[in-house]
Amino acid sequence: MNKTSKGLRLAAVGAVVALALAACGGGSGSSDAGGGAEPTKGGTLYYLTNAEQFDQIDPQRIYTGEDLAFFNGTIYRTLTAYKFSPDAAEATSIVADLATDTGTATNGGKTWEFTIRDGATFQDGSPVTCADVAYGTSRTFATDVITGGPTYAISMLDIPTLEDGSSAYKGPYTGEGQELFDKAVTCSADGKTITFNLSRPVPDFNYAVTLTAFAPVPKASDTGEKYGDAPVSSGPYKIESNKNGKGGKMILVRNDKWDPASDDYRKAYPDIWEVDYGLDVKVIDQRLITSSGNDATALALGLEPEQLGVIYKSATEANPEFAGRAISELDPYVRYLAINVQKVPNLKIRQAIAVALDRDALRKNAGGDFAGDYADGVIKPNMGVDYAPTGMWDSLLGAKIPDAGDPELAKKLIAESGEAAPTITFDYPQSPTADKAAAIVVDSLGKAGITAKPNPIEPGQYYGVVFDPEQAHELINAGWGPDWPNASTIIPELFTPTGGFNLSQYDNAEFNAAVEAAKIEPDRAKQAKMWQDLNTLAMKDVVVVPTRFGREQRIVGKQIGPVYLWPAYGSWPYGEMYAVQQ
Amino acid sequence: MVILLLLLTLVVFILFSLLPADPARLTCGKGCTPAVLEANRHKLGLDLPVIQQYWEFMKGLFVGRIYAADSPDPVVCNAPCLGYSFKRGEEVLVLIKDRLPATIWLALGAFILWLAAGISVGVYAALRRGRWQDKTVMGISLAGYSLPSFFLGLMAIFFIVIRLQLLPYPSYVSPFENPIQFFQTMLLPWIVLAILYAAFYMRLTRNQMLEVLGEDYIRTARAKGLPERIVIRKHALRAGLTPIVTAAGLDLAGLLGGAIITESIFSLPGLGSLAVNSVNDADLPVIVGITLVTATFIIVANLIVDLLYAVIDPRVRLVS
Amino acid sequence: MTEHSNLRRAFLEVSDLSVQFPTEDGIVRAVDGVSFSIERGQTLAIVGESGSGKSVTAQAVMGLINKRNADVSGQANFDGEDLVAMSDEDLRKLRGNKMSMIFQDPMSSLHPFYRIGDQLTEAINAHQKVSKTEARDRAIEMLHKVGIPLPAKRFDDYPHQFSGGMRQRVMIAMALINSPSLLIADEPTTALDVTVQAQIIELISQLQREFDTAVILITHDLGIVADVADEVAVMYGARVVEHGSVDDIFYHPQMPYTLGLLASVPRLTQVRNDRLDPIPGNPPSPLRLPTGCVFHPRCVYQDEVVGDLCRTQRPDLESVGPGHEVRCHLPAAKRQAAAEVALAALGRSST
Amino acid sequence: MLALELAVADGPATPVANEVASRSLRQIVWARLRRDKLAMICLLTLIFLYLLAIFAPLICDLLGVDPYSFDKESISDSGGGPVGPWGGISTEHPLGVEWGTGRDIFAQLLYGLRISLLIATTATILTVCFGTVLGIVSGYARGKTDAVIGRIMDLILAFPFLLIILALSGVLTQRLTQLGVPDGNPSRILYLIIVLSIFGWPYLARIVRGQVLSVREREFVESSVAMGASRFRILFKEILPNLWAPILVYATLTLPTYIGTEAALSFLGVGVLPPDTSFGGMLGNSVSYFSVVPSYLFIPGTVLVVLVVTFNLVGDAVRDALDPRAGRV
């Protein structure tokens, strides 16, 4: 998780990463590639962003869905990768990329083997070997240098942990515990085959390696913390220049050492990718709507609410002049309010909060139909098999709860709780829209007699504050999306003490045990049922109040394709995008 | 002056050491453990007492600084080291240098506009004191400095860019890269910023001129039979502009520290917007750096204005 | 029947000069029907309290009153031309050239930013085309003439490097540099030390002789008047209330206000006398000049005039001797008596 | 001893001063102000605005609006924009409703006015207190005290104050809460008042100091000193009364500046907490919508400008009345 590269746009949502999966793409079908034109090679694609820089460029540190999709599609090859397709089920299936196939599991899912393709090279022409993948993977362990990235390597690889919970291996820089790592990740004599030995069965480990955290890094070029300044490409492009900040640009040019024959995954249509940093969101919208000059082959990540009425007929259909280049799709994220169970231990009070909340007003404030559907848990329908309705608003709380909340029932619950009506504080990352949402929270809880105090936090500091148990308050605004199409990247992250996003401070022994069991369940169908039950359980315990299954709107220039939201990451399908030649 | 600067850095340091968000925490990310946090804190030098941090900082200014010298991955920040932003992975000085051009262009352009408009209109009003021209100018001036700059800026965008589409959306480029786009982008910010100051300078100039025109030496100049033109330009203007030089120098220096509001409205990549972003990110080293640079500008400007004063006014020379 | 019908005109002849300033609070009558005349080589002293209109009169003559802000009426014939009716540009050509002026405060009358040499040559260049060196030579010569030591060196100094007296000398040099035929000195010594005062006055007289200049000396220092003036005009409430030769004014004063003025001159021998002690009350506001005789609210003799005359009727300027005129309703005999009492109190006798 | 000795330049000003010398300066200033029609209109407007602010809840009740309640009917289900033109202006909502929540703009404006006036007025009063006291002390004590105060002023004036206010808002608001100020808006408002005053006083202190330096040389002060009056008495009984003119002028012109600064700060995010709103907050909010709903920009903007212009006009008039010759900025 991490904040999205959209900066302010999604600041209110906050954290997230991810990718979505399986099953119905909810709502409208996506439009087909721009104007039906044939993809051709050449041209420049422009990526307009409000952000002043990428959160991370270092492969082991990237953890934002859009960035994973962008860099995976351009400069970092991974052992496996998600299929390019607008169809959710297809897009969340994996194909081989750097590896010859999608990996072989043995030992009950505790050992995974991948063979690296011939002809795959870095930008200096040297071949990508098993050692490079292993070295890249090992960097994740240097938690004092390589910060911000996913830590699945640490939690999954068979390396003992120390008393304080940290790994006995401290990464390649200190070399402490190197032998432990070298045992966990081994290379065949020819350097072609890499073997990962895991501490427990991970049936979906070949999904985990789609993350660039498992991408190869040549040891000789590693500059530690500063590796992101000059990373070594293994993909069809390489970074020619990168200047952060307003007015800054990142220019990706073709990597002439990349051999198309070794890569049947990436199409590599454009000659150049240009990322323009620090543009005003209004400017981006305006430029894309006008779509003149270079902007015809430009893309961006979101839309300001004021433009929605201009571009769309309804939340699912664009106006004719924007047909084919505007999308409105469910994104991978679930928006919710985490309730800090350490500070609100009384279940009745938590229920009262959930019951009193005016989710209708919150959704309207976020954009109504455009903002998405009401959520009933932290697993979204586009997660496929892992989703099942929890019945949260129908029966879970003892009655059917209207979308606008039921203050009377909430009052009753408070009365039953045996406690006085509580005073709680609501933490949220500040923005004008979030301020209004806070006003809704304050008002609707107030109707049930709960005193809520808004606590706006500067967006850039938000997670720094709310992850600190000393500073976090009772109610915490959040959003989360899965890291790959398995709720193993949701439920454990959100609801167990070892999870990385447990804003609720939830620590339920029974629950934890059930999670551990689900994690190693090899039967995907059984596992799905387990996640469904855990999702329902968490809702029943009101660990969070889910508010919305997010939907997002995006627009591109007139001469760019294909135009669909790639369900794998809820992103543009960078690896197969092209400029339409006139 | 040096003492003032030293004092200033100390005050800035102490003030900002009060900030709540833990910068170490912010660079720690997911899977953050107390040990990592402690290591980060050590790397950033935050485990030291404030005064020692200050000492390290001052030392860094003169001899450079190495963060996390005892780790395998030290960060070198060469003198003059204004600090290092781990959030952005860049030396503060480099960040500031990157942002300075936009700020300087904005400040200089607006400065020229407002001085030209403010002084000429102010003199004009003074010469027509009490008549309708004077009253109109004063009215405009009052309206001008009563308009909050952010409202003015937003209105400019609404009318000029959105409704009339006379100019494209502002998008900063260096003047050396694309002069036309540069001017298109800077025009509104210049005007918006200049209006505020010009309104003030009109008044200042007018009142200064009126004061000077009432001086005995102006009567003397007239009694000598000098043409009115010379009386105004040579005798009145020079004396009347002296205080304006002071004000202008200080105002320009203040702007060189970043026009926070104008920059954020027109999304210019200047020091002001860097400052606001850094506040949002609790990027302490950058905030401290910008504060110091800005304050230094102002203090140095004070000095320059004093020197300039001596050039303009011979009486000052003798005293000093 | 009027004297002005004489064929020969005086060198400067001011008649019925009035200056009014319209202000938000009403019309300010700063000068109200003032007449006087002066010949070359002569000195006319205009005396009176602050606000009596002396300086405005002088500035009106010099054309220094901005006609945009004031109404100037009447005539001021200067060497055959009417200064009041003249265009601004013509006036400018005369100023600093044929007529010039010295001001009260030498500290503030010189531009602090320019070298005095430059300020002097500027005065030359405003009226004549001369080379730089010639202008410089003339300026240095003039500085020398006004008694500035090392004039060539001081030429490049700034005003603040001079003492008050020296600055006034510079002002005089500046005023006389184009050999004017009329010099107006507006309280030239008020701001100076007593010892310097005498030097400056002596300097003016000396230069007056040299250039045969007509001098209008505006002052409230009757001592100086006695020393250098040929004629004296006493102003009060924007009007000339008595006008005559120095002897007339000092030894045959007629107007109670003049008596008051004389009494106010500090004398070692002064005896306290309630009746003659400094004039009680304040000078009138030019905004609301009293009706009738402007001096009547402060006049101790008004009861001696029959009826309401002092309060209701403006006294005319009445000739009481050759070249001696006075504005007063008091009968001549009573004026005489009052004068005698006053002069006696001052230790003088009216011979 | 004599009027004769006054010996100042003639001209229109002196006689006026003489004429009015008998009346008290206060009366004259008031008389001049009363004659200035524009100033009187502005003064009445200000009184009206203050009344509006003070009685905001009452007025809202009368009109049946309030700034906190959500009106879901007034906004669209798709996108959350207001239903109807001009930001949803209707009889129910005289100035329209907020995007996304349907809260009443008119009521928000009234409550915003309240906060704005509260902050600006209080901060002005504090600024005047600090500035006057420190200016007097500095000017009267001279020497070391003067130098120290002068240095502090230099230091404060050298700071980029907007940046500092932004950067420190979080921590200092917390400090205030720790000191016992109620959490939430009271601390935030108090913070703004305090920082505005802290960064504002040096300007006034400089003016006051200059005045004190000249006043203290005057006879009446010297005679008090000779009579052995206590220092406190001299400072505040003898000198202070001579300073009220510049202080009054400064105060009337500072107030609108503070209104503008407060708006700018809340525009940048340092302001009152939701559900309350302020002018700057409303304008900040308008940024996302004003190309579609311009009234979001123009309504609060216009009110803000009217407020500031009115204050400035009154300030100008007061200054003109105190010194009819020439105003200084």
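Every chain is numbered from 1 and lettered A, B, ... according to where its sequence line falls, protein lines coming before strand lines.
- Residues B:Phe158 and D:Phe298 place their aromatic rings such that the two centres sit under 6.0 Å apart.
- Taking CZ of D:Phe311 as the reference point, atom OG of B:Ser146 lies at 11.5 Å (rounded to 0.5 Å).
- One distance of note links CE of B:Met138 with CG of D:Leu313; it measures 12.5 Å at 0.5 Å rounding.
- Among D:Leu268, D:Leu307, D:Ile259, the residue with the largest count of heavy-atom pairs under 4.5 Å with chain B is D:Leu268.
- Looking at D:Leu304, only its side chain comes within 4.5 Å of chain B, counting heavy atoms on both sides.
- Between D:Leu253 atom CG and B:Tyr145 atom OH the span is 6.0 Å, to the nearest 0.5 Å.
- Both the backbone and the side chain of D:Leu166 come within contact range of chain B, each with at least one heavy atom under 4.5 Å from a heavy atom of that chain.
- With respect to chain D, the highest number of heavy-atom pairs below 4.5 Å among B:Ile261, B:Ile290, B:Thr291 belongs to B:Thr291.
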Under the side-chain contact (heavy atoms from CB on, under 4.5 Å) criterion, do D:Asp154 and B:Ile299 qualify, and how do the steps go?
CA-CA 8 Å; D:Asp154 286 347; B:Ile299 291 173; over 6 Å; no

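- Not less than 6.0 angstrom separates the ring centroid of B:Phe159 from the ring centroid of D:Phe290.
- Contact count against chain D (heavy-atom pairs under 4.5 Å) is highest for B:Leu142 among B:Val279, B:Leu142, B:Ile162, B:Thr294.
- At a 4.5 Å heavy-atom cutoff, B:Ser278 makes no contact with chain D through either its backbone or its side chain.
- Under a cut-off of 6.0 angstrom, the local environment of OH in B:Tyr124 is crowded, with over 12 non-hydrogen atoms contributed by other residues, nucleotides or ligands.
- Heavy-atom minimum distance, B:Val11 versus D:Phe159: CG1-CZ, 3.7 Å.
- For the set D:Asp316, D:Thr261, D:Ile164, the entry with the most heavy-atom pairs within less than 4.5 Å of chain B is D:Asp316.
- For B:Ile265, the part sitting under 4.5 Å from any heavy atom of chain D is the side chain, from C-beta outward, and nothing else.
- Smallest separation of non-hydrogen atoms from B:Phe151 and D:Thr302: CZ-N, 3.9 Å.
- Atom CZ of B:Phe150 and atom OG of D:Ser286 lie 9.5 Å apart (nearest 0.5 Å).
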Give the C-alpha distance, both sets of side-chain angles, the deciding distance and a yes or no for side-chain contact (heavy atoms from CB on, under 4.5 Å) between D:Val305 and B:Met155.
CA-CA 12 Å; D:Val305 170; B:Met155 279 208 304; over 6 Å; no

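- In this structure, chain D has a heavy atom under 4.5 Å from the side chain of B:Ile260, while its backbone stays farther away.
- Around CZ of D:Phe48, the count of heavy atoms belonging to other residues, nucleotides or ligands within 6.0 Å does not exceed 12.
- Residue D:Leu157 touches chain B through its backbone alone, counting heavy-atom pairs closer than 4.5 Å.
- When every heavy atom of B:Ile298 is checked against every heavy atom of D:Ala158, the shortest pair comes out as CD1-O, 3.3 Å.
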